[in-house]
There are 2 protein chains.
Amino acid sequence: MRLSTKGRYAVTAMLDLALNGTDGPVTLADISENQGISLSYLEQLFAALRSKGLVRGVRGPGGGYYLGRESDEISIADIICAVDEWVEFTRCKGRQNCQDGQRCLTHSLWDDLSQQIFIFLSDITLHDLVERGEQREAERKEKRAAAAQILGLKGRAA
Amino acid sequence: MRLSTKGRYAVTAMLDLALNGTDGPVTLADISENQGISLSYLEQLFAALRSKGLVRGVRGPGGGYYLGRESDEISIADIICAVDEWVEFTRCKGRQNCQDGQRCLTHSLWDDLSQQIFIFLSDITLHDLVERGEQREAERKEKRAAAAQILGLKGRAA
DNA sequence: GCAATTACCCAGTAATTTGCTCGGATAAAA
DNA sequence: TTTTATCCGAGCAAATTACTGGGTAATTGC
């Protein structure tokens, strides 16, 4: 598993899509402005995402991108693997000195850990994140309302 | 959170230390050979690990490195953060267009996820990995023994 | 004392990755 | 047919990764 800024860009872009793509496609120009990523770089990322079926492009005016599947069918691992090219685990390829247990042990331990991280991120979907975000948002709103009421600012909070 | 090959190198090197450092310090030359990392690069990594107290160096012949703490007191997150310089979350620093909910929402969602990965890796210690490795090793040995017995190769397995 | 061995330190640099600019081509809506 | 958008690819600056090679400082065994 690998987690770079590239992966972060891809995830935030996909989140943008999940949030704003409910009524019509979202243009890369919009995402570019929202997330502060250059249009060309987004194009690169979305080429990878598209090839993996994670997004669907619609050309022409009024066009843009849709999610390729339902947001609860797209895991964070899917997204990161799509753009990070997933250069396979370090299974001691080529290094023949890894036959005898001791030496290769650390590698297999790392592989196990890597696998765990992968599974962890495979269990989190775009939908989960959005939902969690809404929940937080609601909590915050509630807190603000409660605070406003305690302070007697408005009688009943907006 | 960030997870690069640099972090992988650091983790496998620390695993090497945890496995082989029980009777005396381990030299970087050994780790270099075991893990296939250049000596100088290891020095760089260990300078960072040392500055965070994760390893302790001993100079002179017969010297090398010890773990700085007990292996169950060193988390994977500790190691990765030590070498990856932990360039802070993208909390929309500088970008003032992130005031209004919608735009900054994706960023805070990413931050949440990043935080979750961090916590996940903070809960896994070197000791955990080593132990799990031994367990796997034992399972494999058991399986081999059982297989040998079933096949009647040795009567009782070694 | 002296030589060997190790950590420690730092400057330079090749290779790779990241993220961007630019210049286009194709598809669809207006 | 013009405009809007995805698509496509070459090229490039900056950052990061990983290494080479120069040393110095501490410790050991002789």
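Reminder, nothing fancy here: chain letters follow the sequence lines and each chain counts from 1.
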Between [N] ([atom2]) and [X] ([atom1]): distance, integer Å:
{"X": "A:Leu49", "N": "D:dT6", "atom1": "CG", "atom2": "C1'", "result": "14 Å"}
{"X": "B:Asp30", "N": "C:dT6", "atom1": "CG", "atom2": "P", "result": "8 Å"}
{"X": "A:Gln35", "N": "C:dT18", "atom1": "CD", "atom2": "P", "result": "19 Å"}
{"X": "B:Tyr41", "N": "C:dT16", "atom1": "OH", "atom2": "C1'", "result": "12 Å"}

Contacts table for residues 9-19 of chain B: side-chain donor-acceptor under 3.5 angstrom, sequence neighbours left out:
| residue | atom | partner | partner atom | Å |
| --- | --- | --- | --- | --- |
| B:Thr12 | OG1 | B:Arg8 | O | 3.0 |
| B:Thr12 | OG1 | B:Tyr9 | O | 3.0 |
| B:Asp16 | OD1 | B:Asn20 | ND2 | 2.5 |
| B:Asp16 | OD2 | B:Asn34 | ND2 | 3.2 |
| B:Asp16 | OD2 | B:Gln35 | NE2 | 2.7 |

So [X], base contact, sugar-phosphate only, or nothing? Heavy-atom distance under 4.0 Å.
{"X": "B:Ile37", "result": "sugar-phosphate"}
{"X": "A:Phe46", "result": "nothing"}
{"X": "B:Leu39", "result": "nothing"}

### CG-CG distance between A:Leu39 and A:Asp30, expressed to the nearest 0.5 angstrom
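Interatomic distance, A:Leu39 CG to A:Asp30 CG, rounded to 0.5 Å: 10.5 Å.
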### Summary
dist B:Ser40:OG -> B:Leu45:CG (nearest 0.5 Å) comes out at 10.5 Å
#### Entry: side-chain contact (heavy atoms from CB on, under 4.5 Å) involving A:Glu142 - partner list, sequence neighbours excluded
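Listed in chain order: nothing, the list is empty.
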### Query
By side-chain contact (heavy atoms from CB on, under 4.5 Å), which residues pair with A:Glu73, not counting sequence neighbours?
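Once residues adjacent in sequence are excluded, the partners of A:Glu73 under the side-chain contact (heavy atoms from CB on, under 4.5 Å) criterion are A:Arg69, A:Glu70.
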#### Entry: Sugar-phosphate or base contact per nucleotide [nucleotides 10-15 of chain D; S, B, -; heavy atom under 4.0 Å]
------
Ignoring backbone atoms, test whether [X] places a side-chain nitrogen or oxygen under 4.0 Å from the OP1 or OP2 oxygen of [N].
{"X": "B:Arg2", "N": "C:dT17", "answer": "no"}
{"X": "B:Arg8", "N": "D:dT17", "answer": "no"}
{"X": "A:Ser4", "N": "C:dT17", "answer": "no"}
{"X": "A:Thr27", "N": "D:dT4", "answer": "no"}

### Task
Sequence neighbours left out, what passes side-chain hydrogen bond (donor to acceptor under 3.5 Å, both in side chains) with B:Ser4? Give chain and number order.
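Listed in chain order: B:Asp84.
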## Note on the structure
Applying side-chain hydrogen bond (donor to acceptor under 3.5 Å, both in side chains) to B:Asp72 and not counting sequence neighbours gives none
### Task
Could you check which of C:dG19, D:dT20, D:dT6 has an atom nearest any side-chain atom of A:Tyr9?
C:dG19
### Query
Which nucleotide sits closest to the side chain of A:Leu28: C:dC8, D:dT17, D:dT6?
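The listed nucleotide nearest to A:Leu28's side chain is D:dT6.
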### Message
Test: side-chain hydrogen bond (donor to acceptor under 3.5 Å, both in side chains). Region: residues 116-125 of chain A. Which pairs qualify, not counting sequence neighbours?
### Response
A:Gln116-B:Arg132, A:Thr125-A:Asp128
### Query
With sequence neighbours left out, what residues match B:Phe120 under ring-ring contact (aromatic ring centres under 6.0 Å, His included)?
A:Phe120
### Query
By a strict heavy-atom criterion of less than 4.0 Å, which residues belonging to residues 51-70 of chain B are in contact with DNA chain D?
B:Arg59, B:Gly60, B:Pro61
### Query
Hey, are B:Ser75 and B:Asp78 close enough side-chain-wise for a donor-acceptor pair under 3.5 Å?
yes
### Message
For the helix from C:dG1-D:dC30 to C:dA25-D:dT6, what angle separates the axis at the start from the axis at the finish, each from five pairs, in steps of 10°?
### Response
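That helix gives 20° between its end axes.
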### Query
Please, which pairs that meet salt bridge (charged side-chain N to carboxylate O under 4.0 Å, His left out) have at least one residue in residues 35-64 of chain A, sequence neighbours excluded?
none
### Task
Can you tell me which residue pairs pass the ring-ring contact (aromatic ring centres under 6.0 Å, His included) test with a partner in residues 47-68 of chain A, sequence neighbours excluded?
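Of all non-adjacent pairs touching residues 47-68 of chain A, those that pass ring-ring contact (aromatic ring centres under 6.0 Å, His included) are A:Phe46-A:Tyr65.
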